[in-house]
Amino acid sequence: MNKPDLVLFKEYCNASDAMVEAVARCWEQVKDQSIIMDAMDAAAAHLLAHLQTGYAGRVMDNVRDYMKLSGQDDSVIQALFLALILPDSLEAMRALGIPEDCIKDNLRDFYNWERNYTMYNGGAIGYESLGWMLPHFTGELVKLGRLQFVPSCWAFPYMVYRNRADNSLIALAKAGLEVTTEGFRAGAGGFADPAVFTTTWEQTAESVTAYPVDMVKAVILAEPVTITFAEYELFLMPGTPVIDIHIPEEENFSPELVAKSLDMAREFYAARGSKAKVFACDSWLLDYQLSTVTAPGSNIRSFMERFSKLPMDFDHLQILERVMAFDLKLEDLPAFECRTGLQRRVKERLLSGGKFAITGGFILI
C-alpha cells in the first residue's frame with residue numbers, strides 16, 4: 001500500500017492535527033511489517049472491489065488484536081486503514097455518482113468518533129469505530145443534510161399491513177414476543193418487569209389473527225385482532241427493502257432540517273431505482289416516553305412524532321449515555337449532577353419509576 005495522503009485525510013475526514021500525527025507514527029510503525037501490510041492490502045482490495053464492509057472489518061479487528069498481543073500501539077491502526085483507502089474510496093464514490101459535497105459531509109463524521117474516543121479515554125488520541133465508518137467509505141451510507149441513510153431491509157419482528165380501501169396501516173407482532181402489563185417488550189431498557197403474555201400468530205388462507213401495535217405509543221395491545229386479506233395487503237415483512245436512518249451527532253436538530261434531509265433522501269434513492277417503501281430507524285429518540293420530558297414542538301419531540309413506532313427489547317438504556325454521560329449506570333443516577341433541563345427531567349422520571357427504551361419506527365417514503 002502507498003504512503004497515506006494525510007493532507008487528504010485531514011481535508012475529507014476532518015481529522016485533528018493530533019490524529020494526523022498519530023496516524024503518521026502508526027504508518028512508520030507498521031509499514032515494514034509484511035504480516036500487517038498484507039492483511040490490510042487484502043482488506044482494502046476486497047472492500048473496494050465489492051463495496052462490502054464485513055470482510056474488511058473482520059480483518060482489521062484481527063490486525064488490531066495482533067498489535068495488542070505483540071505489545072504494539074494499536075490505538076489508531078483503524079484510522080490508518082481509513083487514511084490508506086481514502087483516495088480509492090473517493091474514486092469509487094464519485095463513480096457511483098455521489099456528489100462531492102455529500103462525500104465531504106459524509107466523511108467528516110470521522111471526527112465525531114475521534115472526539116468520542118478522546119472524551120471517554122481520558123483525553124487520549126485514538127479511534128476504534130471502524131465498523132461505523134466503513135459504510136461511509138464505500139458510499140453505502142450517505143449523509144444527505146442532517147441525517148445519514150443506508151439501504152437495508154426490514155428487520156423488526158412485526159408485519160405491517162395496508163388497508164386496500166383507505167391505505168391505513170396496522171402492525172401485527174410476530175409470535176413469541178414477551179410483553180409486560182404496560183405493553184412494552186420484556187427486558188426493554190434493562191428493566192425487570194415480568195411478561196404477562198406472549199404474542200401468538202394464527203394465519204389461514206383468508207385472514208391472520210395476531211396482537212396489534214399502538215404505533216403512536218409503541219406498545220403491544222393485550223387483545224389480538226383478526227384482519228382479512230380481502231381488506232388488507234402485506235406492506236412490510238422481514239426482508240422488505242427499507243432505507244435505514246442514522247442520526248449523527250450535531251447540534252442543530254430542527255424540524256426544518258430533518259424535513260429537508262428526508263426530502264433529499266427521497267430524491268436521491270428514487271433516482272437510483274430504490275424499491276424501499278419506508279425509512280426505518282431504532283433509537284432512544286423514537287421513544288414515546290420522551291413526551292413526558294420534552295415540550296410540544298421541541299426538536300426531539302417533533303422528530304419522535306414523525307415515526308410510526310414499534311416496541312423493541314434492547315436491554316440497553318441508551319438515553320443515559322446520550323443525554324447524561326456515556327458510561328453512566330442507572331444505579332449511579334442519584335449522584336449524577338444535572339447541567340440541563342432535559343437531564344433533570346429524565347433523571348426525575350427514572351428515579352420516580354418511569355421508563356425509557358430504544359424504540360423502532362418508520363416513515364413512509
Side-chain angles (χ1 to χ4, degrees), residues 112-113 115-116 119-120 145-148 156 179-194 196 213-221 245-262 279-363:
N112 288 328
W113 297 104
R115 180 184 58 191
N116 283 346
M119 185 183 307
Y120 300 120
R146 177 61 181 84
L147 303 172
Q148 297 169 335
F156 300 144
V179 186
T180 71
T181 186
E182 295 173 288
F184 302 139
R185 300 278 301 279
F191 298 103
D193 296 359
V196 295
V213 177
D214 179 333
M215 290 192 286
V216 173
K217 297 182 178 180
V219 294
I220 298 174
L221 303 181
I245 293 175
H246 294 250
I247 309 162
E249 292 183 27
E250 294 179 15
E251 292 183 4
N252 197 329
F253 200 51
S254 72
E256 295 77 17
L257 285 181
V258 171
K260 180 179 179 181
S261 184
L262 293 171
F279 298 113
C281 184
D282 58 73
S283 170
W284 70 275
L285 284 165
L286 273 59
D287 187 0
Y288 177 75
Q289 304 309 311
L290 289 169
S291 61
T292 66
V293 294
T294 57
S298 67
N299 290 349
I300 288 177
R301 191 188 292 198
S302 294
F303 185 77
M304 175 269 290
E305 290 174 345
R306 290 179 184 274
F307 288 82
S308 298
K309 293 174 283 295
L310 304 162
M312 305 300 288
D313 66 348
F314 297 109
D315 61 5
H316 182 41
L317 193 56
Q318 192 180 47
I319 196 169
L320 286 181
E321 69 181 44
R322 295 294 190 262
V323 174
M324 306 297 199
F326 185 78
D327 56 352
L328 185 69
K329 306 298 185 208
L330 188 59
E331 57 267 28
D332 300 323
L333 184 59
F336 180 81
E337 294 186 9
C338 297
R339 301 178 303 280
T340 69
L342 180 59
Q343 288 179 340
R344 184 178 66 255
R345 292 188 295 273
V346 170
K347 178 179 178 178
E348 289 173 352
R349 177 169 173 79
L350 285 169
L351 293 182
S352 64
K355 300 178 180 66
F356 295 96
I358 296 173
T359 300
F362 64 94
I363 299 171

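Numbers here are sequence positions counted from 1.
With contacts defined as side-chain heavy-atom distances shorter than 4.5 Å, the pair L285/F253 qualifies. Taking 4.5 Å as the limit, some side-chain heavy atom of D282 sits within range of a side-chain heavy atom of F314. M304 is not listed as a side-chain neighbour of T359, based on a closest heavy-atom distance of 4.5 Å or more. Contact check for V196 versus V179: no side-chain heavy atoms found under the 4.5 Å cut-off. Looking at heavy atoms from C-beta onward, L262 lies in side-chain contact with R306 at the 4.5 angstrom threshold. The side-chain heavy atoms of W284 and E321, taken from C-beta on, include no pair separated by under 4.5 Å. Taking the side chain as every heavy atom from C-beta outward, V346 and F336 never approach each other to under 4.5 Å. Using a 4.5 Å heavy-atom cutoff, the side chains of K329 and L320 are not in contact.
Remark: K355 pairs with E182, D193 by the salt bridge (charged side-chain N to carboxylate O under 4.0 Å, His left out) rule, at least two apart or across chains. Partners of R344 by salt bridge (charged side-chain N to carboxylate O under 4.0 Å, His left out), not counting sequence neighbours: none found. Under the rule for a salt bridge (charged side-chain N to carboxylate O under 4.0 Å, His left out), D332 has no partner lying at least two apart in sequence or in another chain.
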Walk me through whether F307 and I245 qualify under side-chain contact (heavy atoms from CB on, under 4.5 Å). CA-CA 12 Å; F307 288 82; I245 293 175; 4.0 Å; yes
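The heavy-atom pair separating S254 from N252 by the smallest distance is N-OD1, 3.1 Å. Closest non-hydrogen pair, L328 versus M324, comes out as CD2-CB, 3.5 Å. Residues G145 and S261 come closest through the heavy atom pair C-OG, 4.0 Å. Between A188 and A357, the closest heavy-atom pair is CB-CB, 4.1 Å. The two residues F156 and G360 have their closest heavy-atom pair at CZ-CA, 3.9 Å. The minimum heavy-atom distance linking F356 with L317 is given by the pair O-CD1, 3.4 Å.
Side-chain contact check for D287 and Q318: no donor-acceptor pair (N or O, by modelled atom type) lies under 3.5 Å.
Note that the CZ atom of F184 and the CD1 atom of I220 stand 11.0 Å from one another [nearest 0.5 Å]. I300 contributes atom CD1, which lies 6.5 Å from atom CG of L290 (distance to the nearest 0.5 angstrom). Between the CZ atom of R301 and the OG1 atom of T292 there is a distance of 8.5 Å, given to the nearest 0.5 Å. The CG atom of N116 sits 5.5 Å away from the CE atom of M119 when rounded to the nearest 0.5 Å. Here CD of Q148 is found 11.0 Å from SG of C281. Values are rounded to the nearest 0.5 Å. L147 contributes atom CG, which lies 6.5 Å from atom CD1 of I247 (distance to the nearest 0.5 angstrom).
Counting heavy-atom neighbours within 6.0 Å of E331 CD, excluding the residue itself, gives a total above 12.
Using a distance-only test at 3.5 Å, with no hydrogens or angles considered, a donor-acceptor pair links the side chain of R146 to the main chain of P248.
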